[in-house]
Amino acid sequence: MAKQKTQFVCQNCGYISLKWMGRCPECNEWNTMVEEIIMPEDKIQEQISLLKPPAIAVDLEKVDLKEEERIKTGINEFDRVLGGGIVPGSVVLIAGDPGVGKSTLMTQIVPGLKGKKVLYVTGEESVKQLKLRTERLNFPKSFQSKNFLVLAETNLNLVINVIEEVNPDIIIIDSIQTMYRPELESAPGSVSQVRECASVLMQLAKNTGKSILLVGHVTKDGLIAGPKVLEHMVDTVLQFEGERHQAYRILRAVKNRFGSTNEIGIFEMTTEGLKEVKNPSEIFLSERTFGVSGSSVVACIEGTRPLLVEVQALVTPASYGTPQRTSIGFDYHRLSVLLAVLEKKVGVRLSGNDVFIKIVGGLRIDEPAIDLGVVTAIVSSLKDIPVDSQSVVVGEVGLAGEVRSVTQIEKRIQESAKLGFKKIIIPKNNTRGLKIDAEIEIVGVRKVNQALEELLNI
Ligand code: TYD
Ligand code: MG
């Protein structure tokens, strides 16, 4: 018998090497190279009829471009992040840490998929456990369970047989890491298995027009393939984020072939499952403390929606030689740049201080429009002067200490006025030609100094 050939595959990024290495040269993760048997191609290729597309070249002129109707789930936040609903024939990956609520979300969309047959393939829970969850989630009385089939199976070949038999419109695979093809000898959850299972499902979706929702775990644990290897295969990647200890969950599109990628959906985890958050700004500001230093309110835009959030800063004397800089929910490098601008252009000494920044509510904001808010919170904490609690601040900070204009200023102003703020500090350039009907004082500033004067009275 011929000796079995093996290779080492990085379980984080899918990098392949012929010899073992302690650290993956591609993604720099340690201890992620796992030995897997190389399967001869022909053995993998014996496949099921559903997966064999007719190899016919098509005349482009005959391709129908009629907008395919999207399938609405009835959970608006979910539909919006997808770009208006599930596209038939698409594969969506829902990735997130264990326990964040992926299975809950997948179960909750079922009652809304009216008239569609759903097959829920569960590789992690038993059918009983799933039933218990549906009880807990209070499915509406009108929900007809004959259109909701559950299959507890992890062998993908058997799953595909069932798909052929019951012919569902939508297939939920929970999770892709538990699925395996017996033809491959690597363990379920290894990169080879995950990649193979996903590509089989991808083929199936494209050939049959069925939509597939894949649940994927994100974990640094070397044994389970991070969904990173799947990202380039699937049509849409939705990241489900949030602290397990906090009730808020954010669903973010990181890749979407059928919609915008900066849309987010906000949910709250309750005892009856996930609830959509209709007025996120109120929630993110609900625990604000007044009259303390180191806190400012910024107006950012997430997708198409304005969102008001609190930025907190803590500046303390550094106890060691090199001061610490930590940021949660805000880009670390951007924080370094802002601190340098404060030192050099605004004349605020910070080289002897530790600086901590946090975006409240578990949110992560990459928009430069919150720069001015971050800077304000830092100076407020350093000087121990509270920022005017009735003010919102918006603006990008340039390297010369100037305040640069931001997009969609009207939306930001309106949201601030709606939540009862009295004043908003915006870049001077944004005030030009600004026509807005909102009850709020608008102050345009050109320099960081001016903003600090307005907000901290210094
Ligand atoms: P789950 O959806 O199983 O997470 P995942 O599939 O991402 O691993 O649920 C995660 C957590 O949510 C679990 O710890 C229990 C909690 N939960 C609620 O708080 N309320 C509920 O109604 C449900 C169904 C779950
Ligand atoms: Mg789960």
Side-chain angles (χ1 to χ4, degrees), residues 73-75 77-78 81-82 86 91-113 118-141 143 145 148-154 156 159 170-180 188-189 193-194 197-198 201 212-221 223-228 230-231 234 236-254 264-277 283 361-362 364:
T73 65
I75 298 187
E77 296 285 300
F78 185 66
V81 175
L82 281 172
I86 304 172
V91 178
V92 179
L93 174 70
I94 293 101
D97 292 331
V100 73
K102 301 178 294 297
S103 306
T104 309
L105 181 65
M106 288 301 100
T107 319
Q108 273 185 276
I109 62 172
V110 176
L113 296 166
V118 182
L119 176 68
Y120 196 116
V121 183
T122 163
E124 294 183 349
E125 296 161 305
S126 66
V127 174
K128 264 215 182 105
Q129 279 172 310
L130 210 131
K131 170 92 184 174
L132 275 176
R133 188 162 60 235
T134 61
E135 303 267 289
R136 197 168 159 184
L137 295 174
N138 283 334
F139 275 18
K141 289 268 181 307
F143 173 66
S145 57
F148 182 28
L149 301 168
V150 181
L151 171 69
E153 180 56 68
T154 53
L156 191 67
V159 170
I170 294 169
I171 302 148
I172 298 167
I173 306 279
D174 188 0
S175 65
I176 186 70
Q177 275 94 6
T178 55
M179 296 295 138
Y180 73 97
Q193 283 286 8
V194 168
C197 291
L201 289 165
I212 302 184
L213 302 171
L214 301 177
V215 169
H217 296 293
V218 194
T219 159
K220 287 221 152 172
D221 189 332
L223 286 175
I224 299 184
K228 264 229 140 35
L230 299 175
E231 277 178 16
V234 299
T236 302
V237 180
L238 305 183
Q239 186 94 34
F240 207 22
E241 302 164 357
E243 297 275 330
R244 208 183 317 186
H245 309 290
Q246 266 179 356
Y248 299 107
R249 302 283 189 268
I250 293 156
L251 188 67
R252 187 188 295 276
V254 280
I264 63 166
I266 301 171
F267 296 90
E268 185 184 358
M269 182 61 94
T270 68
T271 48
E272 284 166 19
L274 293 158
K275 289 237 155 57
E276 298 174 55
V277 173
I283 301 272
R364 178 166 183 93

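FYI, side chains are in, hydrogens and waters are out, and symmetry mates aren't considered; it's all heavy atoms of this structure. Here the structure is a predicted model, which means the values were calculated and not measured. Each ligand, and each atom within it, is numbered from 1 in the order the structure gives.
Ring geometry, Phe148 versus Phe139: the interplanar angle falls from 30° to 60°, so the pair is classed tilted.
For atom 9 (O) of ligand 1, the nearest non-hydrogen atom from the set Ile94, Thr271, Thr104 belongs to Thr104. The closest non-hydrogen atom to atom 23 (C) of ligand 1, taken over Lys275, Glu124, Glu125, Arg136, comes from Arg136.
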Run Met179 and Leu201 through side chain to side chain contact (heavy atoms under 4.5 Å, CB included) and show every step you take.
CA-CA 11 Å; Met179 296 295 138; Leu201 289 165; 5.6 Å; no
Go through the steps to decide whether Asp174 and Leu130 satisfy the test side chain to side chain contact (heavy atoms under 4.5 Å, CB included), and finish with yes or no.
CA-CA 11 Å; Asp174 188 0; Leu130 210 131; 5.9 Å; no
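Within the 4.5 Å cutoff, the side chain of Ile170 has no heavy atoms near those of the Ile109 side chain. At a threshold of 4.5 Å between non-hydrogen side-chain atoms, the residues Leu105 and Val215 do not count as touching. Side-chain contact check for Gln129 versus Thr122: every heavy-atom pair is 4.5 Å or farther apart.
Residue contacts with ligand 1, taken as heavy atom pairs separated by less than 4.0 Å, involve Arg133 solely via side-chain atoms from C-beta onward. Both the backbone and the side chain of Ser103 come within 4.0 Å of ligand 1, judged by heavy-atom distances.
Atom numbering of ligand 1 starts at 1 in the shown order; those under 4.0 Å from a heavy atom of Pro98 are 8 (O). Which parts of ligand 1 touch Gly273 is read off a 4.0 Å heavy-atom cut-off, strictly below it: atoms 20 (N), 21 (C), 22 (O).
Separation of atoms CG (Leu151) and CD1 (Ile173) is listed at 8.5 Å; rounding is to 0.5 Å.
At least one heavy atom of Thr270 sits less than 4.0 Å from an atom of ligand 1. Taking a 4.0 Å cut-off on heavy atoms, Gly101 registers as neighbouring ligand 1.
When all heavy atoms are compared, the tightest approach of Leu230 to Ala198 is CD2-CB, 3.3 Å. Here the shortest heavy-atom pairing between Leu274 and Gly101 reads CD1-O, 3.8 Å.
An N or O contact shorter than 3.5 Å is missing between Leu137 and ligand 1 by distance.
Take Ile283 and apply the side chain to side chain contact (heavy atoms under 4.5 Å, CB included) test, not counting sequence neighbours, and it matches Tyr248, Val277, Asn279.
Each protein N, O or S atom less than 2.8 Å from the Mg ion (ligand 2) was counted, giving 1.
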